[in-house]
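Data first, discussion second: the structure below is written as structure tokens.
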Amino acid sequence: MSAGSGEELFPRHSPLDGSALAEVEATPPERVPELVAKAREVQRTWMATSVRERSELLASVKKRLLERAEEIASLLRLECGKPVEEAVLAEVLPNADLVDYWVSSAEEFLEDTPVELDPLSYPGKAGSVRREPRGVIGLITPWNYPVAIPLRTLIPALLSGNAVIFKPSEITPRAGALVASLFDGLLPAGLLQLAQGGSDVGTAIIDAGVDLVVFTGSVATGRKVAVSCAERFIPVSLELGGKDAAIVLSDCNLERAARGIVWGAFTNAGQNCASIERVYVERPVAERFIDRVSALTRELKPGVDTAVLTTARQCAIVRKHLAEAEAGGAEVLVGGAPEEGSLEFPPTVVRVTHEDITLLQEETFGPILPIIVVESADEAIERTNGTRFGLTTSIWTRRYEVAQALARRLRSGVVTINNHGFTAAVPGAPWTGVGDSGHGVTNGPHALSDLTRPRFILEDRSGARSELWWYPYTPSLRRVAFSLAKVRGGAGFFGRIAAAVALIIALPKRLFGG
Ligand code: NAD
């Protein structure tokens, strides 16, 4: 599918109730270079505006988001199958805070920073680092949080002076269009452009030679995107999948741990990069913990607390992981696969005794919570670090010092103690991973290292005729160079004194002549 109505590409019916969804126009991939060229032209003017002006323009996105909260929640319910509460709590409210955070701090974050230059080695010189926009950013996003994820990049990217070509997932193009509409009339025409489509449009964005790709999605696609970008020397930020673990220690507040873990595993039907997909619980509390998690899971009301999986493809993956685990001896304690054809996958709790199964190795991205009993915190850490992923991990304990020490041993971008996953919604907290979870950073000033590049500017006001290291290379320069080495520690006390005297005589001659 390359152009036209997008009938074959975009889902036409809601995963929730099969109702018809609005038609979506696909962007022909061959139009993408034109979009990028236009964005590049407008970006030159945009980067010349002050950060304060940009902040004033973008501040109203917050009000627009909040005013359209019900519309956004209804669309997300229909297009993704999310409970309304999750849509508002995870995709509307935190993004209103996000807009506030960036518009109130961007000026400070983007300020020039001085670089100290030693006045003896570099007399008369001053340097500073300016954060320059990358230029045109290709923003390629997934379907699981189709409002929150793009906004987390769009706001800081635009504030720091970039243009953006935004490609939402082909599974949630209507949510993508809604996100773009939040900026209607605020920005110069062409600065933010929506490109609707699938992999062909994503590929076209990279081929068009954007200046940075910000990609959130699966490991498999992330790898392809990284290779394409590498061939063109385009920097790329990758936020990929996860296999998050929760580590439950025997001294934890068990009720809180059970409640937090049930939410962390089943929110958004487990279609969350930071979904809890493994629990390692210490043996002394294991049975009580498993009983409580099972009871809380049974209490979840289908259609109210939990909704449907967004795609049949995802449902098939979740079904396969569960079936393989059951065949390998995993015991289903609550839930289980739904009848063929249904997207209503119930929250499922599984007791697992060995980890050599896909359910414990690959991202499931569905509502399955495998629990494994361990003998110690050390064993839990070793097992947690045993996959290729490293997005977030939670540790549940009352001993904060122990938890802090364990956190340092985790191969994980984010660690939460007595909570899980929610910090993606905290605009000042960097969200990042290691290994197959990708190296991109979203949120907080660290995200600006992706969205901008440092430009060093040096001013030389010394007025000297020459520099030490300029031509001509003479025997006297050689003496100066070796004297410098001695003065800086290459000789004993008397040697250093002698070298200093030699320098006092030779240096002014060298720099100012005469
Ligand atoms: P996906 O990889 O299938 O698609 C992501 C995006 O890439 C879509 O817009 C898609 O059209 C586009 N795309 C596909 N092929 C492409 C290509 N060859 N070149 C350029 N673009 C291409 O992922 P998905 O199924 O939409 O999302 C689910 C995945 O996203 C899960 O693995 C989840 O863990 C991950 N995710 C990660 C984070 C995070 O912050 N780390 C957040 C949300 C989701």
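Whatever order the structure lists ligands and atoms in, that order sets their numbers, starting from 1. Quick caveat, the model's predicted, so the values are computed rather than measured.
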N/O pairs closer than 3.5 Å, ligand 1 and protein:
unit_1, atom_1, unit_2, atom_2, d
ligand 1, 2 (O), S218, N, 2.9
ligand 1, 2 (O), S218, OG, 2.6
ligand 1, 2 (O), T221, OG1, 2.8
ligand 1, 9 (O), T141, O, 2.8
ligand 1, 9 (O), K167, NZ, 2.9
ligand 1, 11 (O), K167, NZ, 2.8
ligand 1, 11 (O), E170, OE1, 2.6
ligand 1, 23 (O), S218, N, 3.3
ligand 1, 25 (O), W143, NE1, 3.0
ligand 1, 26 (O), W143, NE1, 3.4
ligand 1, 30 (O), G217, O, 3.3
ligand 1, 32 (O), E363, OE1, 2.6
ligand 1, 34 (O), E363, OE1, 3.4
ligand 1, 34 (O), E363, OE2, 2.5
ligand 1, 40 (O), W431, NE1, 3.0
ligand 1, 41 (N), L240, N, 3.4
ligand 1, 41 (N), L240, O, 2.7

Output all residues satisfying side-chain hydrogen bond (donor to acceptor under 3.5 Å, both in side chains) with T311, sequence neighbours left out; order by chain, then residue number. none
Looking at D17, I want to see if its CG is surrounded by more than 12 non-hydrogen atoms of other residues, nucleotides or ligands under 6.0 Å. yes
When the side chains of residues 77-85 are checked against the rest of the protein, which donor-acceptor pairs come out under 3.5 Å, sequence neighbours left out?
unit_1, atom_1, unit_2, atom_2, d
E79, OE1, A175, N, 2.9
E79, OE2, R174, N, 2.9
E79, OE2, R174, NH1, 2.9
K82, NZ, E91, OE2, 2.9
K82, NZ, N144, O, 2.6
K82, NZ, N268, OD1, 3.1

Got a salt bridge between E324 and K320, using NZ or NE/NH1/NH2 to carboxylate O under 4.0 Å? yes
Once ring pair (Phe, Tyr, Trp, His ring centres under 6.0 Å) is applied, do any residues pair with F389, and if so which ones, sequence neighbours excluded? none
Taking the side chain from T364 and the backbone from G366, do they hold a donor-acceptor pair closer than 3.5 Å? no
